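To start, the structure itself, in structure tokens.
Numbering of ligands and ligand atoms starts at 1, following listing order. Computed from a predicted model, the values in this text were never measured in an experiment.
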Amino acid sequence: MLAVEIIEKKRDGKKLTREEIAFFVDGVVRGAIPDYQAAAWCMAVYFRGLDEEETVQLTEAMVATGKTIDLSSLARPTVDKHSTGGVGDKTTLVVAPILAAMGAAVAKMSGRGLGHTGGTLDKLESIPGLRTDLTPTEFVAQVDRIGLAVAGQTAEMVPADGILYALRDVTGTVPSIPLIAASIMAKKIAAGAANLVLDVKYGSGALLPDPAQGRRLAVLMRRIGTAHGRRVSTFLTGMEEPLGQAVGNALEVKEALAALRGQGPPDLLTLALTLAAEGAFLAGLVKTREEGRRRAERAVASGTALEKFRRMIEAQGGEGAVVDRPDLLPRAKATTLVLAPRAGYLVRMDAAAIGRIAMRLGAGREKKGDPIDHGAGIVLLAKLGARLDPGMPLAELHTNRLAEIEQAMKEFQAALVLAEEPLPKPSLFLPVEEEEA
Ligand code: URA
């Protein structure tokens with residue numbers, strides 16, 4: 001078999017066999033297939049797609065490149081949560097400790113920033129000293145000991161995802177339903193949790209803006225999970241504006257810490273409590289979602305969720321004191337306000353553009369392997385529906401790249417639409433219906 005033939009076959013819209021997919025994925029991981037061929041294949045898949053059977057085979061081939069984790073020895077029910085990613089989406093940092101405080105064993109394998117969206121691992125690594133490259137043994141031992149671990153794929157766990165994810169990020173091949181489904185589900189299957197809560201994002205700040213595409217992705221991931229014996233709940237949630245106020249790694253950790261104290265922005269708290277309640281319900285920790293919601297609220301109000309987060313940070317080598325002193329997180333040198341150019345209601349935000357501005361300020365990667373400036377980012381001071389007067393603050397830009405500030409300010413203003421009349425706010429939750437075959 002030749003890699004180029006597999007690329008050509010997909011380029012021409014033909015269906016790949018299980019053997020071809022496995023050969024390709026394995027070759028990428030062994031280094032026998034170079035990055036440029038892997039990137040070309042991702043682009044062929046982006047344009048031609050994979051059907052459900054090929055997507056399942058890709059998922060399984062990716063899982064097979066590394067170890068899988070067996071969590072069956074744990075006494076607590078195992079839960080994992082994953083989002084398809086969106087601008088300002090720091091929900092995992094809030095949901096995972098809440099679920100752990102409710103008695104779940106949260107074994108979560110996360111990703112890095114993709115495209116204009118941030119990644120949980122990059123956010124967590126803004127905490128001084130924190131490691132996300134846990135070995136499978138460390139991962140299981142930590143979940144067993146404190147009920148919570150958030151790790152990245154490594155050379156041992158789903159290495160195929162690490163390689164393909166980084167290539168997709170810089171080759172315009174992120175927004176592909178089969179590639180997203182396989183990337184997420186390979187990590188979920190390898191990480192071993194029995195119960196999965198999947199949060200598929202739609203809207204301008206999501207990888208797939210169109211809710212119909214989000215629905216297809218949600219249904220596909222649920223089918224893959226169910227076929228692998230997992231209990232899966234899917235949500236379709238809004239990203240027509242960034243989630244919460246903070247966009248950028250340390251800024252988002254700070255906001256997540258506020259949410260764990262019950263003081264976070266209402267959209268973030270609502271989403272986090274809903275997902276935590278669902279995870280607890282799936283895992284059988286509560287009898288109803290309503291009870292789950294009450295217990296999740298109690299885990300926040302009592303401080304037990306925050307305490308779980310501290311324990312996780314310390315277990316992964318990080319500075320636990322950031323929980324009480326978020327000022328220990330990295331900060332950018334310059335903070336600049338962007339002001340409203342005129343009066344009006346804020347009716348639309350190009351959340352993807354806001355994500356790209358945050359990248360320009362240093363919060364994301366332009367090329368594979370680029371370092372991240374953990375202190376850089378944006379804090380939104382106005383959200384959709386706000387009534388603004390000229391000169392009112394719209395956002396704070398945080399950066400060490402002083403030369404970028406002026407352009408970033410212009411781009412930020414251009415990313416917003418002000419109107420005479422308010423518009424209804426887009427829904428935070430949309431239903432995920434099973435599509436007719
Ligand atoms: N999250 C992932 O883990 N993978 C993707 O491809 C997209 C979001």
Can D350 and R348 be counted as an ion pair, charged N to O under 4.0 angstrom? no

Examine ligand 1 and decide if any of its atoms is less than 4.0 Å from a heavy atom belonging to S183. yes

If you compare R168, K201, K187, M109 by their heavy atoms, the one closest to atom 3 (O) of ligand 1 turns out to be K187

Using a strict cut-off of less than 4.0 Å between a Lys/Arg side-chain nitrogen and an Asp/Glu carboxylate oxygen, indicate whether D161 and K187 qualify as a salt bridge. yes

Is the closest basic N to carboxylate O distance between E307 and R310 below 4.0 Å? yes

So which protein heavy atom does atom 8 (C) of ligand 1 come closest to, and at what separation? T84 O, 3.3 Å

Presence of salt bridge, K81 and E278, under 4.0 angstrom: no

Of the backbone atoms (N, CA, C, O) and the side-chain heavy atoms from C-beta on, which set of L207 has a member under 4.0 Å from an atom of ligand 1: side chain, backbone, both, or neither? side chain

State whether R356 and E411 are salt-bridged, where the test is any N-O pair (Lys NZ or Arg NE/NH1/NH2 against Asp/Glu carboxylate O) under 4.0 Å. no

If you scan protein heavy atoms around atom 7 (C) of ligand 1, the nearest is L114 CD1, 3.4 Å

Which ligand 1 atoms are under 4.0 Å away from a heavy-atom of H82? 1 (N), 2 (C), 3 (O)

